[in-house]
Amino acid sequence: MTYDAQEIETRWQKEWSDAGVFEAEIDESKPKFYCLEMFPYPSGHMHMGHVRNYSIGDAMARFQRLMGKNVLYPMGYDSFGMPAENAAKKEGGHPHEVTHSNISSIRSDQERMGYSYDWRRFLATSDVDYYRWNQEMFLALNEKGLVERRMAPVNWCVDCDTVLANEQVKNNRCWRCGLEVVQRDMAQWFVRMTEYSDELLDELDNISFPENVKTMQRNWIGRSHGAHIDFPVVGSDSVIGAFTTRPDTIFGVTFVTLSPEHPLCEELCLGTEWEEGWRNLRDECARMSEFERINMLKEKKGVFLGKHAINPMSDEEIPIYAGNFVVSSYGTGAVMAVPGHDQRDFDFAKAYNLEIRQVLIEKGGSETSSPLKQAFEGYGPMVNSSVEGFDGLSGDEAKNSVIATLEKKNSGHGTVEYRLKDWLLSRQRFWGTPIPMIHCESCGIVPVPRENLPVELPLDVVFTEEQSGNPLESHNSFVQTSCPSCDGEAKRETDTMDTFYDSSWYFMRFCDVNNESTPFDRPAVDYWMGGGVDLYIGGIEHAVMHLLYARFFTKFTRDAGMNEVGEPFGRLVCQGMLNAPAPYCGDCNSEYHVDNFDLDCPSCGKPLSSRSAKMSKSLGNTVSPEEMISRFGADTVRLFILFGANPEAGMDWSDSALEANHRQMFSLIDGVDAALEFSDSASKIDDWLMSRLRANQKKWIEVMSDVSLREGVMISHFEMLSDWNWYLRRGGRDRITAMSFLHGWIPMLAPATPHIAEEFWKKLGREDLLAKFVIPVLQQDSNDIRVLALENYIKEIISSGRNLRALAERHSDNEITRIVIQTSPAWKSDLASEAISLHEAGFDFKEKGQSHVKSLEAFKDESTRGEVFQTWNSITIGGKKTRGRIHTWLEGERTLISEGINEVEVIKENSEFIASALEVDSIEVHSAGESEDVGGKARFAFPLEPGIAFV
RNA sequence: GCAGGGGUACCCGAGUUGGUCAAAGGGGCCGGACUUAAGCUCCGGUGCUUAGUGCUUCAUGGGUUCGAAUCCCAUCCCCUGCACCA
């Protein structure tokens with residue numbers, strides 16, 4: 001058959017679509033499987049990263065359908081966001097048009113790949129019938145007290161002209177544009193995600209995310225147990241609250257450090273000689289760039305603020321400093337400094353000549369009188385406590401007893417701090433969900449009543465390149481409104497929502513996507529989301545952003561009674577990076593654009609080598625999916641992607657590997673074609689083929705269920721083809737056998753290469769669609785192990801015969817025309833068989849093994865004693881331990897031996913095939929001792945390893 | 001610095017409850033058979049050696065063991081994330 005991938009693929013895509021085979025409905029009679037990929041931002045065309053993501057998902061969706069599951073496999077677009085807005089400004093259009101033309105382009109790319117989405121469930125978050133539910137749920141959040149508008153120092157990105165959530169700042173840079181963020185004080189909308197901090201953290205123990213994702217989330221939430229301690233300021237009513245995880249070091253506090261932005265700083269030093277120093281420090285910290293800050297980290301810098309505070313435990317007066325290393329946003333922005341037991345405080349104390357006091361000693365150690373060389377940060381018994389009753393306590397006991405005392409004195413309490421902050425939701429951008437709130441002069445901030453939703457984005461907005469800020473602000477008919485509560489003049493909120501809000505619940509909308517009265521009906525969500533999304537595939541880059549927001553949102557909707565589950569995702573698979581070669585300089589450790597191949601390093605001038613690097617526009621090492629599809633077809637691209645590496649592993653793009661996979665397609669086609677000319681001519685090898693099918697199907701289902709797609713494809717597209725070719729070589733030509741084999745095999749080709757599989761299916765004469773087919777799971781036959789082992793025995797004889805033939809030719813002057821095979825002597829087979837049954841019965845060979853065989857004739861004969869041991873079990877020969885053969889036999893081989901296989905008969909039955917495979921005219925076969933030993937080769941014979949001599 | 005994951009032959013990659021491991025499978029490369037031809041199929045080679053063996057190998061160095069890619073300890077290197085978080 002000629003292989004016209006374009007024709008075959010588009011034809012079947014149309015048939016599938018016409019038949020609606022991928023449309024899923026609730027069906028309580030079937031187990032469900034919700035297969036989901038992180039939906040894309042529609043930026044023009046599909047790139048290879050998408051192809052990998054969706055090829056994995058589609059293979060799993062198709063596999064689960066074959067296994068009889070009711071599969072929900074939807075696709076949508078995360079279509080709000082800045083790129084569309086920027087494109088609109090550049091081209092003078094409206095983001096709505098830009099977005100929709102991008103969506104249709106990427107959708108047609110996806111369709112061309114043959115992904116089996118239920119397109120009726122299509123959604124785009126920028127469509128009003130999606131984002132109106134964002135608004136409705138925002139009102140619900142508000143009613144639950146989870147929305148808050150407050151002034152806060154926020155991360156501002158000048159380039160994007162908007163604020164960013166903490167999760168969206170990476171290395172002090174905007175996650176999207178890479179520009180450094182600056183701090184601004186602004187009134188902003190927050191979602192109080194921190195209400196769920198504990199559950200978000202604790203539930204990580206019960207969900208099956210990859211370990212690195214869990215770790216990232218744990219670090220991000222950053223729960224620390226400790227104490228809040230109040231340090232009253234001497235001569236003032238003010239109190240400095242400090243958070244510490246180490247209340248057991250309270251007696252070592254020798255000063256207090258505030259962050260330079262701390263509101264008390266000004267109050268403490270205003271109008272004093274210390275004020276100027278503090279202002280300088282604060283300004284310096286505020287304008288520090290990231291680069292400077294990293295350098296500054298090494299140097300602890302601070303100023304005295306002119307006042308003292310009182311340690312509530314010891315009543316000591318200690319100086320108050322402002323220090324550059326204290327972070328204003330964590331804890332209270334104030335630190336009780338314990339230089340003896342905290343390295344940063346130690347460095348600071350050294351720099352400013354402050355007292356360093358040791359109040360803990362190492363367990364079992366003795367009190368040191370000499371000055372500490374560095375802080376001791378471990379745990380140990382308290383010493384030098386200025387109050388009775390603490391010395392000698394250590395660890396949790398010490399902490400608890402300090403906390404108890406503080407609580408009694410009303411000077412502090414045990415508490416928990418989190419690194420996690422509330423979710424800063426508002427954005428000063430146009431292309432997002434309008435926050436449904438109204439500002440009224442007299443009533444304050446009033447939510448838009450539900451019946452007035454949606455608050456729609458106006459379409460009559462003109463975007464120009466010079467424009468800065470949010471065009472909603474100047475859109476009068478949008479802004480001007482009336483107050484829902486007093487009916488007076490009021491203004492709409494012009495901030496829009498972070499787009500991560502859109503993606504925090506889309507997986508629930510997919511369950512009931514066309515619902516026009518609520519975000520989703522509970523029965524639909526409870527059916528599809530039961531146990532969470534069964535398989536969620538996407539990039540690791542969302543480990544703390546999207547995946548954390550979505551988990552929070554699901555907990556909120558659960559508590560609002562909208563759904564049952566509290567964790568949205570069951571199995572999460574983070575696909576690995578897609579790499580391609582890029583020019584690389586080892587000396588400079590940097591990668592360059594592909595234009596630099598064969599050139600010298602632009603920075604050091606040495607010749608560039610090549611190494612594999614993440615596909616990216618900046619390196620220019622991307623590969624266009626469209627080009628690959630048009631050259632090789634979607635099936636080849638899918639096969640390459642799935643076979644190139646397991647989903648989680650990184651994978652290197654390789655043109656030659658892609659071509660090899662294309663050749664594999666031809667091999668498959670040729671293999672299937674061969675079967676169609678068969679007639680009814682049964683032979684022994686038929687049984688073997690069917691046994692292989694059963695064994696392969698079992699293994700395949702096992703690995704595919706575990707998302708080990710590489711292994712799955714290895715079986716379905718490589719091993720089974722090899723089996724098929726072996727069947728043909730062995731003279732298999734039976735139509736009935738071939739038909740049952742192909743009926744078992746072809747469906748297994750469908751997850752990775754669905755189009756060619758469907759084409760094969762039709763060639764079999766099937767009139768139903770393979771896409772609708774459910775695989776009958778085959779029962780293993782009790783004979784399978786024996787049948788497979790016997791064939792393997794023949795393969796082994798041929799394979800060792802081949803190896804030996806080459807050697808024999810070197811040593812023989814005559815032309816080789818025949819071989820003599822001598823099987824193992826009967827006593828070895830008997831002994832082996834006995835050893836196997838004893839081994840299975842748990843016989844202790846080390847203890848009693850030797851005495852057991854000593855009565856054997858072969859043991860008494862010096863020349864065969866070694867062979868006794870080899871056949872028997874592990875034993876010492878010549879001072880060197882060897883293993884008995886029993887340990888190297890597989891299950892099938894042990895079966896053959898215990899059942900007393902007649903090797904001579906088996907070889908005779910197959911002598912013609914063996915002879916042709918080994919290119920000799922004839923084969924003689926004897927059991928050892930039956931005739932003269934040709935060249936003494938029989939002594940190499942063991943059960944299942946006959947001696948072979950070429951003559 | 002902290003945390004998580006890694007380092008297996010030319011490359012990718014399996015193997016990690018110790019013995020079935022000179023180490024699956026694939027790719028590449030070299031050579032051969034079949035074929036008008038290839039896109040097929042088949043065979044050989046791809047650490048050194050060899051009538052069926054022996055030697056040296058799984059980042060490095062030690063250790064446990066009759067026996068280690070696999071277990072333990074230390075070291076080096078790579079990736080990812082967080083980072084003065086009190």
Side-chain angles (χ1 to χ4, degrees), chain A residues 2-3 170-171 210-216 218-220 222 224 226 242-246 249 257 293-294 296-300 323-327 329-338 342-345 347-348 417-419 540-541 543-544 577 612 643-646 648-652 654 656-657 659-671 673-674 710-711 714-715 718-719 722 725 728-729 800-812 846 874-876 879-891 893 917 919 935-937 940 945 947-950:
Chain A
T2 54
Y3 178 38
K170 308 267 159 192
N171 289 329
E211 214 42 53
N212 56 339
V213 174
K214 286 190 185 187
T215 307
M216 278 189 243
R218 283 193 190 106
N219 290 344
W220 190 262
S224 312
F243 173 74
T244 179
T245 54
R246 298 298 302 273
T249 62
T257 322
R293 235 184 70 211
I294 288 169
M296 290 282 298
L297 297 185
K298 292 172 193 135
E299 195 199 342
K300 301 281 176 289
N324 64 347
F325 63 99
V326 181
V327 178
S329 59
Y330 183 78
T332 60
V335 175
M336 65 174 218
V338 187
D342 182 288
Q343 192 56 43
R344 293 157 305 183
D345 296 339
D347 296 342
F348 192 86
E417 268 301 322
Y418 300 89
R419 199 178 158 279
I540 187 76
E541 65 273 20
V544 284
M577 297 280 182
S612 128
F643 186 59
N646 255 331
E648 283 99 339
M651 125 171 233
D652 290 347
S654 149
S656 58
E659 283 160 24
N661 282 290
H662 196 230
R663 284 200 296 275
Q664 191 70 17
M665 297 295 294
F666 285 106
S667 311
L668 291 165
I669 290 165
D670 286 353
D673 278 351
R710 200 186 115 84
E711 276 178 80
M714 173 98 91
I715 292 169
F718 291 83
E719 283 176 17
S722 301
N725 284 327
L728 299 177
R729 273 184 76 196
S800 52
R802 279 208 186 98
N803 289 334
L804 294 174
R805 186 191 168 100
L807 295 170
E809 275 170 351
R810 263 183 259 159
H811 291 258
S812 167
K846 265 186 185 159
S874 57
I875 216 79
T876 307
K880 208 182 157 180
K881 299 277 173 155
T882 68
R883 271 171 296 108
R885 290 288 206 274
I886 184 170
H887 291 287
T888 68
W889 287 318
L890 300 170
E891 188 192 4
E893 290 165 328
E919 297 171 55
K937 300 305 180 290
F940 296 107
E945 292 169 61
I948 300 171
F950 286 80

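Residue numbering restarts at 1 for every chain, and letters A, B, ... go by the order of the sequence lines. Only heavy atoms go into these numbers, but all of them, side chains included; no hydrogens, no water, no symmetry mates.
In this structure, the CZ atom of A:R663 is 9 Å from the C1' atom of B:G27, given to the nearest Å. For the pair A:R218 CZ and B:G4 P, the computed distance is 10 Å after rounding to whole Å. Atom NE2 of A:H662 is separated from atom P of B:A38 by 18 Å (rounded to the nearest Å). Taking atom CG of residue A:N219 and atom P of nucleotide B:C84, one finds them 13 Å apart after rounding to whole Å. Going from atom CE of A:M665 over to atom P of B:G27 covers 15 Å, rounded to whole Å. For the pair A:F325 CZ and B:A86 C1', the computed distance is 9 Å after rounding to whole Å. A straight line from CD of A:Q664 to C1' of B:G27 spans 11 Å, rounded to a whole angstrom. Atom-to-atom, NZ of A:K300 to C1' of B:C85 comes out at 13 Å; the value is rounded to the nearest Å.
Here, B:C78 and B:C84 have their P atoms 23 Å apart, quoted to the whole Å. For the P atoms, the distance from B:U35 to B:U16 is 45 Å, rounded to whole Å. Separating the P atom of B:A23 from that of B:G54 is a span of 13 Å, rounded to the nearest Å. For the P atoms, the distance from B:C12 to B:G28 is 15 Å, rounded to whole Å. B:A24 and B:U8: their C1' atoms are spaced 13 Å apart (whole Å). Across the P atoms, B:G13 and B:G6 are found 13 Å apart, a figure rounded to whole Å. One P atom belongs to B:A69, the other to B:G7, and the distance between them is 15 Å to the nearest Å. A distance of about 13 Å separates the C1' atoms of B:A9 and B:A14, rounded to the whole Å.
Across all strands shown, B:A86 forms no Watson-Crick or G-U wobble pair with both distances under 3.5 Å. A 3.5 Å limit on both hydrogen-bonding distances identifies B:G28 as the Watson-Crick or G-U partner of B:U46. When both distances must be under 3.5 Å, the Watson-Crick or G-U wobble mate of B:G18 does not exist. B:U80: Watson-Crick or G-U partner is B:A3, with both key distances under 3.5 Å. Across all strands shown, nothing is found opposite B:C40 as a Watson-Crick or G-U wobble partner with both distances under 3.5 Å. For B:A9, there is no paired base (Watson-Crick or G-U wobble, both distances below 3.5 Å). As the counterpart of B:U75, B:A59 is assigned, both hydrogen-bonding distances of the Watson-Crick or G-U wobble pattern falling under 3.5 Å.
Nearest nucleotide to the side chain of A:M714, out of B:A24, B:C42, B:A86: B:A24. Considering only side-chain atoms of A:F718, the nucleotide from B:A86, B:G26, B:C82 that sits closest is B:G26. The nucleotide whose nearest atom lies closest to any side-chain atom of A:R729 is, among B:U80, B:C42, B:A24, B:C42.
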Is there any protein nitrogen or oxygen under 3.5 Å from a nitrogen or oxygen in nucleotides 33-36 of chain B, and what are the pairs?
none

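Residues meeting the side-chain contact (heavy atoms from CB on, under 4.5 Å) test with A:S722, sequence neighbours left out: none.
Heavy atoms of A:R419 sit under 4.0 angstrom from at least one base atom. Nucleic acid contact class of A:S224 (heavy atoms, under 4.0 Å, all strands): sugar-phosphate only. Base contact: A:V326 has a heavy atom under 4.0 Å from a base atom.
For a distance-only test at 3.5 Å, the side chain of A:D670 qualifies as a donor-acceptor partner of the base of B:G39.
Panel note: side chain A:R419, backbone A:W220; a donor-acceptor pair is recorded below 3.5 Å.
Regarding contacts with the backbone of B:U41, a side-chain N or O of A:S667 is found under 4.0 angstrom from either OP1 or OP2.
Nearest heavy-atom pair, A:M336 versus A:T249, reported as atom, atom and distance to 0.1 Å: CE-OG1, 3.7 Å. A pairwise comparison of heavy atoms in A:A337 and A:D345 identifies CA-OD2, 3.3 Å as the closest pair. Contact between A:A242 and A:T332 at its shortest, heavy atoms only, is CA-OG1, 3.5 Å.
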Discussion item. Please encode protein proximity along nucleotides 6-15 of chain B as a string of B, S and -, counting only heavy-atom distances under 4.0 Å.
Written reply: ------SS--
